[in-house]
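One structure below.
In what follows, every chain begins at residue 1, and chains take the letters A, B, ... in the order their sequences are listed.
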2 protein chains.
Amino acid sequence: MKMSEGVEWALHSCVNLAWSGPDRAVSAARLAAWHDLPAAYLNKQLQALARAGIVTSTPGPRGGFRLARPLDAISLMDVVAAVEGPEEAFRCAEIRQQGPGAGAPAAHTADCAIAHAMTRAEMAWRRALAAQNLDEIRQQAERQAPEAPERLRAWLAAR
Amino acid sequence: MKMSEGVEWALHSCVNLAWSGPDRAVSAARLAAWHDLPAAYLNKQLQALARAGIVTSTPGPRGGFRLARPLDAISLMDVVAAVEGPEEAFRCAEIRQQGPGAGAPAAHTADCAIAHAMTRAEMAWRRALAAQNLDEIRQQAERQAPEAPERLRAWLAAR
DNA sequence: GCCCACGTACTCGGATAAGTGATGTCCGAGTGTAGTCGG
DNA sequence: CCGACTACACTCGGACATCACTTATCCGAGTACGTGGGC
């Protein structure tokens, strides 16, 4: 079980967009170059964020992406769901209904105990993701590297 | 992000092994046939459980697998870790250290804020998995289908 | 009748192929800008 | 000099390859049982 790298890219990009400021849109190519990522593929992830309403996109020159709402209104869960899709990691295939082990049909109206337990754990994960918003991430990143926002703005302005 | 189907198979197999009783070993082929699964591939998952010390394997005729310890001493986390591997789903690639965005090396001694947040959520998931043991699963399954254990034992005895 | 050696059938275990989704790349539609031409 | 038109460059957006990992399969090493022969 491996989470897509696009999640990490998308999260960093959101913070970078916040540092860039709401006035100017930043193109996928700029965001990708900042961390030396494949631009076209990062664009794919940003499109997913746009579909989820996390960022807005504007075409044409001076276009690009910008945040659709403040960082503190974007949770980790929002970004993960946008990039990874809304499906659960564990998908019950109902194998208990297959083969000689398939019991009476009445027993299958109730949820599979295993699926229920796995879903419960996954909900804990989702709640933990939803409880953290990107502004907290930004604040911690700025404590570690206070000069980062200004460096990004200067780099963007220089091109 | 998708969890391997082997997890579901392994969990069902553990409960089935418990129902079969500790006296007799059950071969991978029998366990697979019970739910109409590919035998050789289920065998692979059972080998992973054996490496993790969850089940023991005995070769030769009348051989097979049996539980290495009681169900209430096996957590969901044990099985998931055995089948999926111990790695986290989110793996920080440290993209902040790449490209023009790479800050001063000193900033990299601290954990990436994003990785830290993602790990925190994943720990909640792992704790929720570790808090549930397979005996609880078995009890719930027996409430839904009380005849299931006896049906399995009869089916195993008939061959 | 009892014991031992042998062959057989069955098991796990790991090495070896397909299928599917993530990863990466490319080109087209659309848009804002700047330059240019005409009034 | 001012305004409108035109061409261009830059952007997103989705369609098209490539790769890794999951899924699936196969065969070999090892073991217990049953059988046959010898004592």
Can B:E94 and B:Q97 be counted as having a side-chain donor-acceptor contact under 3.5 angstrom?
yes
Under a plain distance cut-off of 3.5 Å, with no hydrogens placed, do B:W34 and A:Q98 share a side-chain donor-acceptor pair?
no
Any residue meeting salt bridge (Lys or Arg N to Asp or Glu O under 4.0 Å) with A:R126, in chain and number order, not counting sequence neighbours
A:E122
Could I get the full list of salt bridge (Lys or Arg N to Asp or Glu O under 4.0 Å) partners for B:R51, not counting sequence neighbours?
none
Starting at atom CG of A:N43, determine the distance to atom P of D:dG14, rounded to an integer number of angstrom.
10 Å
Round to the nearest Å and state the distance from A:Q47 atom CD to D:dT11 atom P.
15 Å
How would you list, by chain and number, every residue that makes a side-chain hydrogen bond (donor to acceptor under 3.5 Å, both in side chains) with B:N43, sequence neighbours excluded?
none
Partners meeting side-chain hydrogen bond (donor to acceptor under 3.5 Å, both in side chains) with A:R24 (sequence neighbours left out)
none
Between protein and nucleic acid, restricted to nucleotides 16-23 of chain D and to nitrogen or oxygen atoms under 3.5 Å apart, what atom pairs and distances do you find?
residue : atom : partner : partner atom : Å
D:dT23  : OP1  : B:K2    : NZ           : 3.2
D:dT23  : OP1  : B:E5    : N            : 3.3
D:dT23  : OP2  : B:S4    : OG           : 2.5
D:dT23  : OP2  : B:Y41   : OH           : 3.2

Both B:R51 and B:R30 contact DNA chain C. Which one's nearest nucleotide lies toward the 5' end?
B:R30
Here the gap from A:N133 atom CG to A:Q139 atom CD, rounded to the nearest 0.5 Å, amounts to 8.0 Å
Working to the nearest 0.5 angstrom, can you tell me the gap between B:L11 CG and A:I114 CD1?
5.0 Å
Test of understanding: with side chain to side chain contact (heavy atoms under 4.5 Å, CB included), list the residues that count as partners of B:R62, not counting sequence neighbours.
none
Return all side-chain donor-acceptor pairs below 3.5 angstrom for residues 70-86 of chain A, not counting sequence neighbours, or 'none' if the list is empty.
residue : atom : partner : partner atom : Å
A:S75   : OG   : A:M77   : N            : 3.3
A:S75   : OG   : A:D78   : N            : 3.1
A:S75   : OG   : A:D78   : OD1          : 3.4
A:S75   : OG   : A:D78   : OD2          : 3.1
A:D78   : OD2  : A:R69   : NH2          : 3.4
A:D78   : OD2  : A:S75   : N            : 2.9
A:E84   : OE1  : B:M1    : N            : 2.5
A:E84   : OE2  : A:S4    : N            : 2.5

Nucleic acid contacts of residues 17-28 of chain B, taken as heavy-atom distances under 4.0 Å to DNA chain C
B:S27, B:A28
List for me each residue that meets ring-ring contact (aromatic ring centres under 6.0 Å, His included) alongside A:F90, sequence neighbours excluded, and say none if there are none.
none
Could you give me the CA-CA distance, side-chain angles and deciding distance for B:I95 and A:E8, then say whether side-chain contact (heavy atoms from CB on, under 4.5 Å) is met?
CA-CA 8 Å; B:I95 64 170; A:E8 181 179 3; 3.9 Å; yes
Sequence neighbours excluded, every pair satisfying ring-ring contact (aromatic ring centres under 6.0 Å, His included) that has a member inside residues 35-58 of chain B:
B:W9-B:Y41, B:H12-B:H35
Provide the start and end nucleotides, 5' to 3', of the part of DNA chain C that has atoms under 4.0 Å from heavy atoms of chain A.
C:dT23 to C:dG32
Sugar-phosphate or base contact per nucleotide [nucleotides 31-36 of chain D; S, B, -; heavy atom under 4.0 Å]:
BB----
